[in-house]
There are 4 protein chains.
Amino acid sequence: MTGTPHRRGADRTESIMRTTLELGQEIGYARLSIEAVAARAGASKQTIYRRWSSKGALLLDSLLSMNGPRLDYPDTGDIVADLRTQIHAAVDLLARPPFAPLFKALIGEAQHDPQVAAALNERFITPQADKTVTRLKTARDQGQLSPAFDLDLAMAILSGPLYFQLLITQEQLTHEYVDRILDALFAGMGPRPHTPTSHARPPSPSVPPA
Amino acid sequence: MTGTPHRRGADRTESIMRTTLELGQEIGYARLSIEAVAARAGASKQTIYRRWSSKGALLLDSLLSMNGPRLDYPDTGDIVADLRTQIHAAVDLLARPPFAPLFKALIGEAQHDPQVAAALNERFITPQADKTVTRLKTARDQGQLSPAFDLDLAMAILSGPLYFQLLITQEQLTHEYVDRILDALFAGMGPRPHTPTSHARPPSPSVPPA
Amino acid sequence: MTGTPHRRGADRTESIMRTTLELGQEIGYARLSIEAVAARAGASKQTIYRRWSSKGALLLDSLLSMNGPRLDYPDTGDIVADLRTQIHAAVDLLARPPFAPLFKALIGEAQHDPQVAAALNERFITPQADKTVTRLKTARDQGQLSPAFDLDLAMAILSGPLYFQLLITQEQLTHEYVDRILDALFAGMGPRPHTPTSHARPPSPSVPPA
Amino acid sequence: MTGTPHRRGADRTESIMRTTLELGQEIGYARLSIEAVAARAGASKQTIYRRWSSKGALLLDSLLSMNGPRLDYPDTGDIVADLRTQIHAAVDLLARPPFAPLFKALIGEAQHDPQVAAALNERFITPQADKTVTRLKTARDQGQLSPAFDLDLAMAILSGPLYFQLLITQEQLTHEYVDRILDALFAGMGPRPHTPTSHARPPSPSVPPA
DNA sequence: ATCTAATCGAGACGGTACGTCCCGTCTTCTT
DNA sequence: AAGAAGACGGGACGTACCGTCTCGATTAGAT
């Protein structure tokens with residue numbers, strides 16, 4: 001007689017994902033084994049393999065199941081402030097413990113598992129990109145964005161520097177760093193009469209080109 | 001005294017690294033085993049473990065040993081053109097077969113192996129960043145760069161979008177895409193009288209030195 | 001419920017033991033590796049380690065599983081003849097090819113593996129000793145044995161010389177040699193009027209059954 | 001610079017053998033490696049391999065080099081007493097710590113290494129047997145031994161039971177046990193008017209009862 | 001309410017690779 | 001010339017997990 005009777009379906013799915021996150025946080029993704037998840041979750045390996053085709057797939061689902069603070073854009077009318085708000089939230093969730101190591105590991109996994117890469121894009125990156133582009137479109141219509149700015153590049157330009165910090169240099173990703181990146185991006189690298197962007201401050205009456 | 005551990009030592013080292021790249025290209029990093037490298041290189045596992053503490057460390061060394069086309073900056077006087085040249089070269093080497101999969105896998109490995117992450121930064125990323133910053137400093141002194149631009153962010157802003165494309169969306173990284181990113185970055189996202197940047201065209205005599 | 005762990009369990013066990021004996025005979029115990037047994041038996045190493053904790057334990061089980069000619073004592077009424085019969089059978093089985101080398105190796109293993117030593121005694125030596133003592137008791141009651149003879153020493157005195165020949169001098173252990181030893185033991189080393197023991201000949205009507 | 005300069009020849013030989021015994025006593029023969037002996041003795045592996053062809057050969061030499069209390073027979077005129085004295089000495093040396101485990105291991109090694117078996121016989125067993133037979137011959141001439149006793153069997157019959165106790169049952173080998181064996185052997189197993197053997201007492205005038 | 005089919009926990013199984021130990025040979029440098 | 005040091009190819013160790021596979025016990029829905 002086992003302690004708990006066999007529970008089925010969604011029940012099992014959910015408890016396996018919860019265990020995956022727990023165990024992943026404790027020992028790290030690299031040392032996480034399906035065997036160990038099964039043991040800790042009181043599930044059989046079959047039950048896991050029935051649902052997920054790989055460790056990466058399991059982790060992806062587990063992370064997405066967190067249903068953490070929804071990463072949705074506010075619209076206060078100030079695009080830079082809104083980006084800042086949203087990116088701060090994303091950074092808080094994904095670039096800090098306890099989930100940063102797992103999120104990073106997931107991206108690591110995507111480097112040699114095309115299925116994980118595809119699923120990650122489909123279920124997380126693209127939706128996030130869509131929201132960003134939508135919000136930026138509104139801003140462009142309001143004149144807060146250079147009309148020449150190529151929105152297709154938005155995600156790469158906005159997120160790229162942050163992923164770089166997260167994945168490559170692996171230095172701490174602070175709010176202050178996010179702000180500096182945003183300021184630099186809005187100002188541009190090119191030479192011009194230095195019109196100090198006001199974006200680092202609370203929403204000022206936007207759109208005042210002379 | 002030669003400085004090298006022994007002739008046969010260096011010999012073995014080199015042949016093991018060559019085999020690692022070969023085999024890694026054939027079967028992919030994930031399925032690459034130290035056992036298999038040893039077998040193909042005609043070396044014993046100990047000989048490999050004597051030199052490298054992990055598969056990641058071995059791959060890092062192997063990739064760096066390629067001594068491929070040196071990724072050094074030209075200085076034609078036009079910063080955008082020079083960045084373009086240099087980044088095109090980097091993309092050709094690292095974001096295309098045969099090395100892209102291994103380079104991606106290496107970064108993947110860095111996500112759960114701090115030693116690999118540290119070595120990657122120390123031996124590849126930081127030197128590359130230093131060269132970039134040096135070249136940008138020259139450009140700033142020549143007025144080709146916004147004096148307000150924070151050079152500490154340069155690598156993140158310039159490389160981030162490319163790594164994003166390489167690691168996250170995993171879409172093809174073309175020269176054309178690089179150019180678009182560069183243009184967008186120099187123009188900036190912020191609204192302003194659209195002074196078309198000249199960077200896509202041959203170096204214009206921008207701000208002569210006094 | 002069958003009592004056996006599963007049909008396939010017993011199957012595997014049996015085929016591994018058979019392979020052990022085969023391979024052991026071919027290449028000798030010293031060069032016998034669990035790795036090789038696994039490979040030849042088409043089993044995984046884990047399957048072997050699940051059942052046996054060491055090479056010695058595996059060999060012991062394999063040898064005992066032979067269920068060769070049962071080494072049981074006859075009782076013809078003539079103790080010396082019966083000992084001779086039984087010891088001849090034991091010698092034929094354990095002191096000659098194909099099993100002698102493995103049996104010797106097993107005893108060799110017992111010299112540095114207490115578990116093997118204990119198991120060897122418990123499962124082979126002691127049972128054999130018990131049978132011997134039982135048969136000797138009957139003989140003593142019939143006056144065929146010196147009443148002063150210490151039965152606790154029986155195994156050591158009867159088997160010792162044979163193990164000495166087998167393990168130490170490593171000369172051939174012939175039936176003739178066994179007979180000479182038996183004669184000498186029954187006669188004793190001490191001086192006395194040489195009453196020729198009849199034991200070297202067919203059972204003479206010594207002490208008729210009542 | 002090493003602490004001690006390279007010493008040569010016999011010096012090295014002797015220190016390696018000493019280390020072998022030391023280390024063998026500490027960790028047991030099974031876990032004793034030539035690598036470890038070399039390290040502890042401050043010798044190179046070559047130096048060991050130059051002198052000994054196997055671990056067994058090294059151990060044999062090391063044990064024989066002890067030059068312990070010479071196992072030579074006294075001749076007090078009482079054969080049983082002399083055997084007792086000599087065997088007690090042998091047991092004290094070889095069947096007790098610290099050398100028993102190594103001696104047993106050596107015999108174990110002889111079971112799968114014919115070279116060790118041959119050397120063990122040639123250099124230890126046979127010489128010992130010769131001494132025994134010589135002493136027994138004297139005793140026979142003095143009428144202390146059955147004239148029918150086959151001296152070729154002497155070693156097997158006298159030593160066999162002790163080796164049995166040492167190698168097979170692996171129970172403690174006490175002086176008392178030795179005495180009981182001697183008594184039983186001299187008395188013989190066969191039935192006869194129970195003439196209590198006097199062997200446990202000082203040499204009584206042997207020679208048969210009329 | 002019973003039966004049947006799906007699902008589960010448990011864990012054996014063949015397999016691959018791990019990282020380690022030690023083998024016996026070899027090369028190099030030291031004394 | 002002899003030795004210390006230790007690199008080297010090789011073989012095996014015992015372990016960890018992989019993904020697949022029985023095997024009964026449990027459970028839910030169809031009868």
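The sequence lines fix the lettering, A, B, ..., with proteins before strands; numbering per chain opens at 1.
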What is the nucleic acid contact for D:Ala43, judged by heavy atoms within less than 4.0 Å: base, sugar-phosphate only, or nothing?
sugar-phosphate
Looking across every strand, which nucleic acid part, if any, lies under 4.0 Å from A:Ala38 by heavy atom: base, sugar-phosphate, or nothing?
nothing
Distance check: side-chain N/O of [X] vs OP1/OP2 of [N], anything under 4.0 Å?
{"X": "A:Arg51", "N": "E:dC8", "result": "yes"}
{"X": "D:Ser33", "N": "E:dC21", "result": "no"}
{"X": "D:Thr47", "N": "F:dA2", "result": "no"}
{"X": "C:Arg50", "N": "E:dA12", "result": "yes"}

On DNA chain E, nearest-nucleotide positions of D:Ala36 versus C:Gly42: which is more 5'?
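Upstream on the strand: C:Gly42.
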Within the modelled atom types, does a donor on one side and an acceptor on the other bring the side chain of [X] and the base of [N] under 3.5 Å apart?
{"X": "D:Ser44", "N": "F:dA4", "value": "yes"}
{"X": "C:Lys45", "N": "E:dG15", "value": "no"}
{"X": "C:Gln46", "N": "F:dA16", "value": "yes"}

In whole angstrom, give the distance that lies between atom [atom1] of [X] and atom [atom2] of [N].
{"X": "A:Arg40", "N": "E:dA10", "atom1": "CZ", "atom2": "C1'", "result": "19 Å"}
{"X": "D:Leu58", "N": "E:dC23", "atom1": "CG", "atom2": "P", "result": "11 Å"}
{"X": "D:Tyr49", "N": "F:dC8", "atom1": "OH", "atom2": "P", "result": "18 Å"}
{"X": "D:Asp113", "N": "E:dG24", "atom1": "CG", "atom2": "P", "result": "11 Å"}
{"X": "C:Ile34", "N": "F:dG11", "atom1": "CD1", "atom2": "P", "result": "18 Å"}
{"X": "C:Asp11", "N": "E:dC13", "atom1": "CG", "atom2": "C1'", "result": "13 Å"}
{"X": "C:Arg31", "N": "E:dG24", "atom1": "CZ", "atom2": "P", "result": "13 Å"}
{"X": "B:Trp52", "N": "E:dG19", "atom1": "CH2", "atom2": "C1'", "result": "16 Å"}

As an exercise, state the distance from CD1 of A:Ile34 to CG of A:Leu23, rounded to the nearest 0.5 Å.
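It comes to 12.0 Å.
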Which one, F:dA7, E:dA17, E:dT25, comes nearest to the side chain of B:Glu35?
E:dA17
Report the nucleotide, chosen from F:dC8, F:dA4, E:dC18, that has the shortest atom-to-atom distance to any side-chain atom of D:Arg12.
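The closest nucleotide is F:dA4.
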Whether C:His112 and D:Tyr29 hold their rings parallel, tilted or perpendicular, with breakpoints at 30° and 60°
tilted
In C:Arg51, C:Arg123, C:Arg18, the residue satisfying salt bridge (Lys or Arg N to Asp or Glu O under 4.0 Å) with C:Asp61 is C:Arg123
Scanning both residues in full, the closest heavy-atom pair of D:Ile48 with D:Leu58 reads CG2-CD2, 4.4 Å
Side-chain heavy-atom pair C:Thr13, C:Trp52 within 4.5 angstrom cut-off:
yes
